[in-house]
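Have a look at the structure below, then the notes.
Count residues from 1 along the sequence.
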Amino acid sequence: RATQDEDPPADPQQPPPQQWYMAGATVAAVARCLQEGEDEVVCHYAAKTIENILAQSTATHCRRFATQEVALRLLDLTTHRRSEALQTTAVAALGHLLRYALVKDPGVADQVQLSPGAPGVESGLSAGGGARLIARLFDRTSGSGAIAQGLVEPTNARLQVGFLNILNLIFWDEAADVSNDDCGADEGSSASVVSNRSLRRLREQLLNPRVLTAVVRAVDRGASMHAAHSPTARAKALLALRLVASRQPSALVQALERGLLPKLEKLVSEPEELEAQPYLRQCALSLLTFLTST
């Protein structure tokens with residue numbers, strides 16, 4: 001398991017279990033399994049392995065997969081649709097990679113180029129390195145358009161949540177963290193300034209009428225013509241509107257023009273669902289509080 005090195009010993013009298021070790025050759029082999037032309041089942045298992053490590057393991061292991069090489073291959077699997085299961089896993093893994101690079105470790109290895117060597121070789125740390133890594137990733141590909149397309153036409157609820165996660169991470173600002181958790185940073189931090197500057201173009205590309213319409217639609221029971229009802233998708237859509245509006249107030253006006261207010265009124269009139277879904281309630285309160293203070 002990826003968390004083996006974090007698990008306490010079952011018996012205090014027994015010696016702690018051996019720490020989980022992952023050889024560099026293993027990291028490179030898993031990443032190579034994501035390459036174009038690889039068997040689809042192999043790709044799926046590799047993407048799931050990376051997803052689990054980035055979601056559960058320590059920084060020591062996460063950092064080895066949080067590279068442009070791995071991100072590029074996951075983005076390729078996400079945007080060039082193969083099986084729905086593989087695409088869904090790739091979206092989830094890419095979301096965890098973005099979260100690690102932007103939120104958990106903004107000083108992730110700042111590689112200038114997509115190196116031909118094995119992934120996981122760190123080339124030095126710098127403030128905002130994760131943001132630059134991601135900005136270059138999307139700048140080298142048509143990734144922003146594919147992410148937008150995934151938001152507009154998700155084929156299932158998990159894909160919808162995955163694409164909303166990516167949107168939220170791209171618009172998240174550590175200096176104005178709406179979750180009030182311990183990930184925040186001082187407004188003047190160099191990492192925040194660098195992140196905002198590096199991601200500005202990508203945010204502008206994603207902030208278009210089709211994406212806003214899709215996000216507003218997701219507030220209404222998180223559904224589209226393809227994706228089934230998902231309370232999590234509704235919550236992620238509310239959070240997306242909160243993050244986007246805090247950066248560009250005109251986007252809030254556009255969201256209101258697309259019917260956001262009736263959808264919020266409908267949501268507030270569903271106290272049973274809000275009571276049963278704490279995360280949905282928290283995201284709704286965050287957006288409503290922002291609206292009343294704007």
Looking only at heavy atoms, what is the nearest atom pair of [X] and [Y], with distance?
X	Y	answer
A92	E51	CB-OE2, 3.5 Å
G95	L169	O-CD1, 3.3 Å
C62	I53	SG-O, 3.4 Å
S230	V161	OG-CG2, 4.0 Å
L167	A240	CD2-CB, 3.9 Å
L34	C43	CD2-O, 3.8 Å

Min side-chain heavy-atom separation [X]-[Y] under 4.5 Å:
X	Y	result
L267	K263	no
F290	S246	yes
L241	L252	no
T213	R210	no
L264	L287	yes
V215	V211	yes
F163	Q149	no
K48	N52	yes

Worksheet item: Do R247 side-chain atoms and F171 backbone N/O form a donor-acceptor pair below 3.5 Å?
Response: yes

Discussion item. Between N168 (side chain only) and K236 (backbone N and O only), is there a donor and an acceptor less than 3.5 Å apart?
Written reply: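 Checking the backbone N and O of K236 against the side chain of N168, a donor-acceptor pair under 3.5 Å is found.
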
Item to complete: Dump the intermediate steps for side chain to side chain contact (heavy atoms under 4.5 Å, CB included) on L238 and L280, then the final yes or no.
Response: CA-CA 8 Å; L238 291 165; L280 176 61; 3.7 Å; yes

hydrophobic_cluster_shared for [Y] and [X], side chain cutoff 4.5 Å:
X	Y	result
V219	I166	yes
V91	V30	yes
L199	V244	yes
L75	V70	yes
L274	Y279	yes

Worksheet item: For R234 and Q277, what are the C-alpha separation, side-chain angles and deciding distance, and is it a side chain to side chain contact (heavy atoms under 4.5 Å, CB included)?
Response: CA-CA 11 Å; R234 297 182 80 183; Q277 302 290 338; over 6 Å; no

Item to complete: For the pair E204 and R201, find out whether any cationic side-chain nitrogen is under 4.0 Å from an anionic carboxylate oxygen.
Response: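 Judged by the 4.0 Å cut-off on N to carboxylate O distance, E204 and R201 do not form a salt bridge.
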
Item to complete: Taking only Lys NZ, Arg NE, NH1 and NH2, and the carboxylate oxygens of Asp or Glu, determine whether E38 and R73 approach each other closer than 4.0 Å.
Response: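 Here E38 does not pair with R73 in a salt bridge, since their nearest N and O are not under 4.0 Å apart.
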
Worksheet entry | Under the side chain to side chain donor-acceptor pair (under 3.5 Å) test, residues paired with Q205 that sit two or more places apart | S144

When rounded to the nearest 0.5 angstrom, what is the spacing between [atom1] in [X] and [atom2] in [Y]?
X	Y	atom1	atom2	answer
S250	L207	OG	CG	7.0 Å
L54	Y100	CG	OH	8.5 Å
L239	S286	CG	OG	7.0 Å
T89	E84	OG1	CD	10.5 Å
L291	L256	CG	CG	6.5 Å
R63	T58	CZ	OG1	11.0 Å

Worksheet item: Can S83 and E40 be counted as having a side-chain donor-acceptor contact under 3.5 angstrom?
Response: yes

